[in-house]
Amino acid sequence: MRKNNTRKRAIALIMASMLAASLAGCGGNNGGGSSTSGNSTASGSTASEIDTSSHEVINMLVLGNRPTNGRLEAMLEQLNAILTEKVNAELEYTYVEWTDWQTQYNLQLLSGDTSLDLITTATDWLYGWENVIKGAFMPLSEEMLQTYAPETYAQVTEDGDWDICKYEDEIYFIPEDNYIQYTNQGMFYRGDWAAEAGIPDGTITEFEQLTQYFQWIKDNKPDCIPWDVAGKNLMGGVLGGYISSKTDYVCFNGVGVGNFTDFWGVMQSDGNTVTSPYMESDALYEAADLMKEWNDMGVWREDVLNFDGDSREEMYAGTSGADQHHAQTYYSTIVPNMEAKQPGSDPKFYYWGMENQNVSHPLKLHQACAISANSQHPERALMVYDLLRNDEECYRLLNYGIEGEDYLVTDDGKLARPDGWDQSKDALDSNFWLGRNDDLELQDSTWWDGTQDFIANLNSIAYDYPFENFIIDTAAISSQQAALANVLSEYLPQLAYGKFDDPHAAIDEMREELKAAGYDDVKASIQADLDAFVEEHGDVQFVRDGGSSAADTTTASSASASSASAASTSSSSAAE
């Protein structure tokens with residue numbers, strides 16, 4: 001949890017209000033697009049002067065499958081009554097569902113849809129910078145933010161985070177920067193089965209131990225698929241996870257090659273030099289060999305590349321031995337659900353980079369809000385967003401539902417659920433991943449009781465990601481990137497799921513085609529951007545809390561793996 005800066009933020013809010021008032025007196029003008037819905041005022045106007053006489057519908061785009069259990073609609077009925085009273089607006093949802101979500105998300109943003117207002121975005125997995133450059137998002141002036149989202153503006157200003165949201169000196173994102181969420185990826189598995197498989201303490205600490213675990217399931221659990229992965233939705237499989245665990249590679253955000261977001265980056269030991277392990281590292285050979293071994297073992301179903309099922313629900317039901325996602329999903333969702341649905345399963349998490357401490361602190365732009373470039377009422381959208389993020393009544397409704405029906409608050413102030421509540425059937429699924437706020441979060445009473453120790457361990461080994469405000473000129477390389485993406489889409493899914501008879505030959509062939517498609521030109525362009533970044537900011541460093549930098553990582557990797565293993569074993573004894 002972040003430290004409480006309430007007093008400092010209150011001062012910042014007062015200062016922002018005073019500045020807004022002074023700007024109003026100077027006749028400030030709109031810095032974030034034209035107001036077309038009857039609520040236009042100068043962007044320096046104070047809240048009491050904002051014209052909200054016209055009722056507006058604010059459309060929020062989120063990721064996820066739209067729920068069908070009626071709970072979202074019940075929540076919105078109550079939330080919209082409050083929004084109507086406070087800012088004469090109501091909220092509606094547009095969902096980008098998980099099937100083919102990468103393609104559908106980008107198509108939605110660039111469709112010209114004038115109904116969209118608040119957009120869920122991110123710079124690491126939702127193509128944030130690419131969509132800024134393509135013109136999908138509206139620039140937001142500080143005057144506009146102070147006027148229409150004053151509480152959010154004050155908090156982000158106090159935390160000093162607007163600079164990471166800027167492109168060509170204009171703000172395009174509102175960061176979800178007051179919410180701690182470790183999103184380092186890895187594999188969820190059953191500790192009880194891992195112990196039976198002969199893995200010490202049932203705790204996987206090396207990538208290769210997953211093979212031992214999967215083989216035991218294959219041999220001993222005939223009704224269970226070792227990892228029933230939806231390959232259609234995870235086209236790169238865990239190739240990147242293997243590379244992160246076996247090298248000191250760190251990928252750039254915002255320069256994905258098609259659907260493959262971790263193609264370009266640097267090695268921590270040489271942070272000033274652009275590379276791609278998919279092109280230049282032997283680790284890809286090793287990863288592809290392992291994936292072929294897994295495929296031949298029957299770790300996943302034969303038609304894995306066409307399968308888009310739900311391996312998490314299957315893990316809860318005992319028909320899949322593993323699931324893949326990030327740390328917060330582990331301690332917030334996997335542990336409580338597995339303990340309830342598979343008692344004694346001792347759910348554990350092997351995260352990528354455990355062996356070599358290749359883990360970064362949470363990114364402040366892993367989730368963020370943007371305003372659609374086509375929004376017809378951006379000012380009112382910001383007013384609604386400010387309430388959703390900072391008003392306790394709105395926040396609880398949006399994130400937890402209706403008290404007494406969807407959630408309860410315990411005597412000690414924690415989140416609980418009504419008797420019989422089942423996340424698989426009763427979840428709200430409002431997916432407000434663009435403005436969560438630790439100051440208003442209810443600590444979930446169902447979360448794993450080892451959560452804080454687990455987070456503390458990650459904090460102790462993680463480095464600060466140094467590229468949060470490194471923006472690559474993707475327009476200069478778009479055609480070559482598209483050509484590279486075509487090559488990767490032909491080879492990487494097949495490599496990731498072991499479908500080539502000779503993976504080494506396939507990699508060599510892929511690399512020849514990547515070179516012919518313009519790999520060297522793209523690399524040179526990104527290197528020029530990185531050189532300019534280094535000239536402005538200095539040599540790239542991967543600094544940990546203890547002060548060590550990336551250069552120390554490779555020389556201490558074996559000690560790192562040992563330390564991470566011990567930490568994982570310790571935390572698992574306490575109990576996603």
Side-chain angles (χ1 to χ4, degrees), residues 122-125 127-135 160-173 175 240 243-244 247-258 260-281 283-284 358 360-361 363-366 463-485 487-488 511 514-544 547-555:
T123 59
D124 55 342
W125 68 285
Y127 317 98
W129 292 124
E130 294 99 318
N131 281 311
V132 167
I133 293 169
K134 291 175 182 176
D161 289 333
W162 288 121
D163 280 349
I164 63 173
C165 304
K166 291 181 179 179
Y167 175 69
E168 295 184 343
D169 210 34
E170 291 191 289
I171 296 169
Y172 283 89
F173 304 128
I243 290 167
S244 295
T247 74
D248 63 345
Y249 177 70
V250 176
C251 68
F252 296 135
N253 295 331
V255 66
V257 181
F260 305 101
T261 58
D262 63 344
F263 186 80
W264 293 108
V266 300
M267 295 297 180
Q268 293 178 49
S269 50
D270 186 9
N272 295 351
T273 302
V274 176
T275 189
S276 173
Y278 292 94
M279 188 70 172
E280 302 181 25
S281 172
L284 183 61
N358 192 0
S360 73
H361 284 127
L363 305 181
K364 292 179 179 180
L365 291 176
H366 172 70
Y463 53 79
D464 293 333
Y465 181 74
F467 299 116
E468 195 134 27
N469 58 342
F470 173 46
I471 303 172
I472 294 167
D473 183 5
T474 54
I477 55 176
S478 60
S479 59
Q480 297 99 321
Q481 285 275 84
L484 296 179
V487 176
L488 295 181
R511 288 175 170 176
L514 288 170
K515 197 168 187 66
Y519 174 85
D520 291 331
D521 290 340
V522 176
K523 181 180 178 181
S525 180
I526 298 173
Q527 185 65 60
D529 292 334
L530 182 58
D531 290 344
F533 180 80
V534 170
E535 184 176 354
E536 180 179 355
H537 298 282
D539 288 341
V540 174
Q541 298 291 326
F542 295 80
V543 179
R544 291 175 166 79
S548 61
S549 68
D552 306 317
T553 304
T554 47
T555 58

Criterion side-chain contact (heavy atoms from CB on, under 4.5 Å) on Val266 and Tyr249, from CA distance to verdict: CA-CA 6 Å; Val266 300; Tyr249 177 70; over 6 Å; no
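- Here salt bridge (charged side-chain N to carboxylate O under 4.0 Å, His left out) pairs that include residues 470-483, with residues two or more places apart or in two chains, number zero.
- Separation of atoms CD (Glu170) and SG (Cys165) is listed at 13.5 Å; rounding is to 0.5 Å.
- Using the six-membered ring where Trp is involved, Phe263 and Tyr519 have ring planes that are perpendicular, over 60° apart on the 30 and 60° scheme.
- For Tyr463 and Tyr465, the ring centers are positioned 6.0 Å apart or more.
- At least one side-chain heavy atom of Glu468 sits under 4.5 Å from a side-chain heavy atom of Leu363.
- When side chains are defined from C-beta on, Val250 counts as touching Phe542, because their heavy atoms get closer than 4.5 Å.
- Classified by interplanar angle (parallel below 30°, tilted 30° to 60°, perpendicular above 60°), the ring pair His537/Phe533 is tilted.
- The stretch residues 514-526 participates, sequence neighbours left out, in these salt bridge (charged side-chain N to carboxylate O under 4.0 Å, His left out) pairs: Glu280-Lys523, Lys515-Asp520.
- The aromatic rings of Tyr167 and Trp129 lie tilted to each other, with the angle between the two planes from 30° to 60°.
- Judged as a side-chain hydrogen bond (donor to acceptor under 3.5 Å, both in side chains), and not counting sequence neighbours, Trp125 has no contacts.
- Checked against the 6.0 Å centroid criterion, the rings of Trp264 and Tyr278 do not qualify as a close aromatic pair.
- Residues satisfying the salt bridge (Lys or Arg N to Asp or Glu O under 4.0 Å) test with Lys134, not counting sequence neighbours, are none.
- With respect to Gln268, the side-chain hydrogen bond (donor to acceptor under 3.5 Å, both in side chains) criterion is satisfied by exactly one of Thr247, Asp248, Asn358: Asn358.
- Checked against salt bridge (Lys or Arg N to Asp or Glu O under 4.0 Å), Asp169 has no partners two or more places apart in sequence or in another chain.
- In this structure, Glu130 has no side-chain hydrogen bond (donor to acceptor under 3.5 Å, both in side chains) partners at least two apart in sequence or on a different chain.
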